[in-house]
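In listed order, ligands and their atoms are each counted from 1.
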Amino acid sequence: MAIATVNPATGETLKTFEPLDEREVEERLERAAADFLTYRATGFAQRAAWMRAAADLLEGELEETARLMTTEMGKTLASARAEATKCVTGMRFYADNAEALLADEPGDAQAVGARRAYARYQPLGPVLAVMPWNFPLWQVIRFAAPALMAGNVGLLKHASNVPQTALYLGELFTRAGFPAGCFQTLLIGSSQVESVLRDRRVVAATLTGSEPAGRSVAAIAGSEVKKTVLELGGSDPFVVMPSADLEAAVSTAVTARVQNNGQSCIAAKRFIVHTDVYDEFEALFVERMESLRVGDPMEETTDVGPLATEQGLDDLEKLVADAAGRGARVLCGGVSPDRPGWFYEPTVLSGVTPGMKLFLEESFGPVASLYRVGDVEEAVTLANATSFGLGANAWTTDEREQERLVNELEAGMVAVNGMVVSYPQLPFGGIRNSGYGRELSAHGIREFCNLKTVWIG
Ligand code: NAP
């Protein structure tokens with residue numbers, strides 16, 4: 001894939017970049033390794049001051065940064081602004097809390113015959129971050145803020161279609177005062193990832209992206225005995241039971257499906273509705289999806305912009321065609337409007353069966369499938385009939401049902417009477433083919449730490 005900014009709303013190539021050559025990659029690896037040695041000795045107060053300065057810079061540049069994201073990957077300007085704001089919050093959260101989250105953990109000294117016993121979190125070193133384009137700022141910040149606050153240094157291999165956002169991120173931390181080797185962007189293609197990951201100076205990797213990319217990076221890292229965190233795809237269920245506030249459930253369902261033009265790992269993708277409220281849900285949901293405004297993502301009135309890449313549009317069209325060709329009903333949408341760019345109408349299908357690709361694979365665009373179920377057991381069985389396990393949404397006001405759904409939905413995150421969202425304060429991650437490890441909260445900042453056991457006699 002060429003490293004280039006191509007506006008998804010027009011298909012126009014705006015800027016192309018040459019990938020770094022071997023020597024340029026080597027320079028950055030050496031700088032990362034060298035700066036880690038001094039950076040790890042800095043205290044939390046110094047790191048927090050730099051992190052707050054980076055947050056202030058981003059806050060001051062919010063509008064330009066949001067416009068850059070919209071230009072590179074097509075999210076609506078409103079959602080780009082919200083993403084940049086969330087990054088500022090996340091950076092300040094780790095600046096404020098890293099020291100407490102990584103405080104020494106006392107052990108039972110008496111039980112182990114010690115004068116003192118405790119566990120201490122220490123940084124590991126240069127971590128490679130392979131990142132996707134869909135939240136081009138937030139995915140990176142939610143790795144970088146905790147990693148840098150823990151004393152690690154980062155090397156960013158961003159998605160090839162967001163190079164300018166990648167370069168912006170590479171400069172942001174240095175401009176804020178961090179030593180130059182603390183966070184560097186490597187403009188490289190995915191074929192260059194293996195040699196960086198195998199380099200002895202890189203100690204671990206995190207990848208957010210598709211399942212095949214995750215498998216590949218994890219296999220290489222595994223052969224080098226290097227730790228990985230994987231945040232991969234999802235096909236999140238959205239279960240609606242009869243006691244739910246249907247109006248709220250429908251409006252949240254629409255947001256949960258079309259957020260980020262439908263390209264979110266935690267977007268609800270399969271809507272599993274109890275038969276008692278199914279017909280009403282379907283009618284309202286289809287009406288709301290049809291009324292969404294598809295158009296120029298820079299326009300303030302646009303609800304749904306284009307898909308980020310031509311390939312993404314092609315993949316989505318194939319999923320819908322496969323389902324429709326095998327008996328699913330297209331209730332609305334199902335077409336790409338006749339205009340330049342990679343747009344796709346918000347689409348709802350019913351009659352999707354577990355054998356269809358639309359059920360089995362991740363639909364990365366504004367395409368929802370509806371399922372009718374007779375009871376909570378059938379809902380849980382269908383919700384869990386996927387290889388993914390990222391998030392799950394459940395709508396019911398019955399407390400016993402809530403408890404059952406929280407326990408039985410097989411996912412890393414469950415939202416009841418709401419939708420799965422990431423917060424700096426809560427762990428984020430999945431199970432099964434959605435990956436492993438956690439980002440955010442105390443769990444995220446500890447992923448790339450050596451938990452050193454200390455025994456003092
Ligand atoms: P992708 O194609 O897997 O790309 C993600 C990153 O991996 C890019 O930097 C890409 O580089 C690189 N890459 C691709 N194949 C690779 C390989 N074989 N070896 C090493 N690196 C490789 O995914 P995407 O299309 O950018 O993003 C969409 C996917 O990310 C969806 O599946 C979505 O669900 C998932 N996602 C998950 C989360 C989560 O938290 N669980 C969050 C956001 C997105 P190039 O661009 O150069 O190919």
Side-chain angles (χ1 to χ4, degrees), residues 1-6 8 17 19-20 72-75 83 128-143 155-163 165-166 169 185-198 202 205-221 228-236 259-269 307-316 319 361-365 386-391 411-413 420-423 426-440 444:
M1 194 169 170
I3 302 179
T5 298
V6 183
F17 296 82
L20 299 184
E72 289 206 299
M73 53 66 66
K75 66 173 61 217
E83 179 175 338
L128 173 66
V130 183
M131 290 288 148
W133 45 263
N134 63 339
F135 292 94
L137 212 58
W138 171 240
Q139 302 291 358
V140 176
I141 292 295
R142 80 181 186 187
F143 155 73
L155 291 157
L156 169 65
K157 183 273 179 269
H158 215 327
S160 292
N161 57 332
V162 289
T165 309
L169 281 158
T185 288
L186 304 178
L187 275 193
I188 55 172
S190 58
S191 61
Q192 291 167 278
V193 167
E194 176 163 1
S195 63
V196 174
L197 186 50
R198 290 199 188 280
V202 172
T206 182
L207 179 138
T208 300
S210 62
E211 199 186 321
R215 284 184 191 280
S216 167
V217 163
I220 296 163
T228 47
V229 167
L230 297 183
E231 297 285 1
L232 310 179
S235 186
D236 291 8
Q259 57 173 322
N260 212 36
N261 306 339
Q263 304 160 120
S264 168
C265 52
I266 47 167
K269 287 157 192 154
L307 297 186
T309 63
E310 192 167 19
Q311 181 67 50
L313 175 60
D314 194 46
D315 292 346
L316 195 66
L319 285 187
E361 296 176 18
E362 182 181 29
S363 56
F364 222 52
T386 166
S387 61
F388 295 109
L390 193 53
M413 301 166 280
V420 175
V421 174
S422 61
Y423 302 96
L426 297 179
F428 185 97
I431 57 170
R432 299 172 162 179
N433 293 356
S434 292
Y436 50 74
R438 290 293 178 268
E439 292 192 288
L440 302 175

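What sits closest to atom 33 (C) of ligand 1 on the protein, heavy atoms only, is Phe364 CZ, 3.4 Å. When only non-hydrogen protein atoms are considered, atom 27 (O) of ligand 1 lies nearest to Pro132 CB, 3.4 Å. Nearest protein heavy-atom neighbour of atom 3 (O) of ligand 1: Ser210 OG, 2.4 Å. The protein atom (non-hydrogen) at minimum distance from atom 25 (O) of ligand 1 is Trp133 NE1, 2.9 Å. For atom 21 (N) of ligand 1, the closest non-hydrogen atom of the protein is Ser190 CB, 3.7 Å. Remark: minimum distance from atom 8 (C) of ligand 1 to any protein heavy atom is reached at Met131 O, 3.3 Å. Given atom 42 (C) of ligand 1, the protein heavy atom at minimum distance is Cys265 SG, 2.9 Å. Atom 12 (C) of ligand 1 has its closest protein heavy atom at Val130 CG1, 3.6 Å.
Taking a cut-off of under 4.0 Å to the non-hydrogen atoms of Val193, the atoms of ligand 1 that pass are 20 (C), 21 (N). Contact atoms of ligand 1 toward Phe428: 40 (O) (distance under 4.0 Å to a heavy atom of the residue). Counting the atoms of ligand 1 from 1 in the order shown, those under 4.0 Å from a heavy atom of Gly233 are 32 (O), 34 (O). Heavy-atom contacts of Leu390 reach the following atoms of ligand 1: 41 (N) (cutoff under 4.0 Å). Within the listing of ligand 1, atoms 42 (C), 43 (C) sit less than 4.0 angstrom from a heavy atom of Gln139. Numbered from 1 in the order shown, with element, the atoms of ligand 1 that lie under 4.0 Å from a heavy atom of Asn134 read 43 (C), 44 (C).
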Query - Verdict with supporting geometry, Ser422 and Arg142, side chain to side chain contact (heavy atoms under 4.5 Å, CB included) - result: CA-CA 10 Å; Ser422 61; Arg142 80 181 186 187; 4.2 Å; yes
Query raised in the report: How far apart are the C-alpha atoms of Ile266 and Phe428, what are their side-chain angles, what is the distance that settles it, and do they pass the side chain to side chain contact (heavy atoms under 4.5 Å, CB included) test?
Result: CA-CA 10 Å; Ile266 47 167; Phe428 185 97; 3.7 Å; yes
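For the pair Val196/Val202, a side-chain contact is recorded, criterion being any heavy-atom separation below 4.5 Å from C-beta on. Within the 4.5 Å cutoff, side-chain heavy atoms of Pro163 are placed close to those of Glu72. Between Val229 and Arg438, the closest side-chain pair of non-hydrogen atoms is not below 4.5 Å. Using a 4.5 Å cut-off on side-chain heavy atoms (C-beta onward), Asn433 and Leu232 make no contact. Considering only heavy atoms from C-beta on, Leu307 stays 4.5 Å or farther from Pro8 through its side chain. Ser190 places none of its side-chain heavy atoms less than 4.5 Å from the side chain of Met1. A heavy-atom distance below 4.5 Å is found between the side chains of Ile141 and Leu169. Looking at heavy atoms from C-beta onward, Met73 lies out of side-chain contact with Asn261 at the 4.5 angstrom threshold.
Using a distance-only test at 3.5 Å, with no hydrogens or angles considered, a donor-acceptor pair links the side chain of Arg432 to the main chain of Phe388. For the pair Asn260 (side chain) and Asn134 (backbone), a donor-acceptor distance under 3.5 Å is present. Formation of a donor-acceptor pair under 3.5 Å by the Lys75 side chain with backbone atoms of Phe135 is not found in this model.
Selection from Lys157, Arg215, Gln192 by nearest heavy atom to atom 11 (O) of ligand 1 gives Lys157. The closest non-hydrogen atom to atom 18 (N) of ligand 1, taken over Pro163, Ser216, Gly391, comes from Ser216. One option in Thr309, Leu128, Leu232 has a heavy atom closer to atom 41 (N) of ligand 1 than any other, and that option is Leu232.
Checked against a 3.5 angstrom limit, the closest N/O atoms of Ser434 and ligand 1 fall outside it. Every N/O-N/O distance between Ser264 and ligand 1 stays at or above 3.5 Å. Annotation: Gly189 places no N or O atom under 3.5 Å from an N or O atom of ligand 1; distance criterion only. The distance criterion of under 3.5 Å between nitrogen or oxygen atoms is not met by Glu439 with respect to ligand 1. Distances between N or O atoms of Asn161 and those of ligand 1 include no value under 3.5 Å. Looking at ligand 1, you'll find an N or O of Ser160 within less than 3.5 Å of one of its N or O atoms.
Checking atom 15 (N) of ligand 1 against the protein gives a heavy-atom contact under 4.0 Å.
Residue His158 touches ligand 1 through its backbone alone, judged by heavy-atom distances below 4.0 Å. Contacts between Val217 and ligand 1 below 4.0 angstrom, taking non-hydrogen atoms only, involve the side chain exclusively. Counting heavy atoms under 4.0 Å from ligand 1, residue Thr208 touches it through both backbone and side chain. Residue contacts with ligand 1, taken as heavy atom pairs separated by less than 4.0 Å, do not involve Glu361 at all.
The closest approach between Phe135 and ligand 1 stays at or above 4.0 Å for every heavy atom of the residue. In this structure, Lys269 does not count as a contact residue of ligand 1, since none of its heavy atoms falls inside 4.0 Å of the ligand.
When every heavy atom of Ala221 is checked against every heavy atom of Leu197, the shortest pair comes out as N-CD2, 4.0 Å. Nearest approach of Ala159 to Pro132, heavy atoms of both residues: CB-C, 3.9 Å. Across Ser434 and Gly389, no two heavy atoms sit closer than the pair OG-N, 2.9 Å. When all heavy atoms of Trp133 and Val162 are compared, the pair lying nearest together is CB-CG1, 3.8 Å.
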